[in-house]
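Since the structure comes first, as structure tokens, the remarks are kept for the end.
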Amino acid sequence: MPFSRWLRVNSEHYLLRDSQAGLSRAHGLPAPPAEPRGPSQFFWSRVFVPVYRLVPWSLTKRVMHLIPGSHRKTWTPQPRRHDPAI
């Protein structure tokens, strides 16, 4: 798995877990996601997620465009039509 894919998969996973925990706390629901176990889960949950939440969107967007991945794919423009619309 390329680094950019690995980074995206892990960041999405832990950001989603954090969002789920926040929603469960906000609505008084039990069983938020389990606490992190091990150094990898600790890093993603206790370091990456809080830092990601503090970084302004403009900087996050610039960094995402520097890292190769699916967010850099562009759509093929539609061919220009020359016939009447009606």
Side-chain angles (χ1 to χ4, degrees):
M1 175 183 301
F3 174 74
S4 59
R5 176 81 175 129
W6 174 83
L7 179 64
R8 183 174 180 169
V9 166
N10 281 301
S11 60
E12 285 177 351
H13 173 75
Y14 286 98
L15 288 168
L16 177 63
R17 283 176 50 128
D18 183 63
S19 294
Q20 289 171 340
L23 284 171
S24 65
R25 280 191 304 272
H27 294 285
L29 299 173
E35 288 297 313
R37 296 182 197 142
S40 175
Q41 289 182 357
F42 181 84
F43 166 77
W44 286 101
S45 298
R46 301 288 188 230
V47 178
F48 175 80
V49 171
V51 169
Y52 182 87
R53 300 266 187 234
L54 293 175
V55 174
W57 175 245
S58 58
L59 179 60
T60 302
K61 186 176 176 181
R62 273 188 267 158
V63 169
M64 281 197 293
H65 282 288
L66 292 174
I67 297 174
S70 63
H71 57 274
R72 293 187 70 185
K73 292 180 183 174
T74 58
W75 294 98
T76 304
Q78 292 290 326
R80 196 160 179 169
R81 295 185 66 161
H82 298 288
D83 56 337
I86 302 175

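Residue numbers count from 1 along this sequence.
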More than 12 heavy atoms of other residues, nucleotides or ligands under 6.0 Å from CZ of Arg53: yes or no?
yes
Hey, what do you get for CZ (Phe48) to CG (Leu7), rounding to the nearest 0.5 Å?
6.5 Å
Hydrophobic cluster membership, Val63 vs Leu54, 4.5 Å side-chain cutoff
no
Atom NZ of Lys61 and atom CG of Leu59: how far apart are they, to the nearest 0.5 Å?
12.5 Å
Anything under 30° is parallel, anything over 60° is perpendicular, the rest tilted; go ahead and classify Trp6 against Trp44.
perpendicular
Examine distances only and state if a side-chain atom of Ser45 and a backbone atom of Phe42 form a donor-acceptor pair shorter than 3.5 Å.
no
Minimum side-chain heavy-atom gap His13-Val9 below 4.5 Å
no
One should read off an interatomic distance between Arg46 CZ and Tyr14 OH, to the nearest 0.5 angstrom, of 11.5 Å
What distance separates Leu15 CG from Tyr52 OH, expressed to the nearest 0.5 Å?
6.0 Å
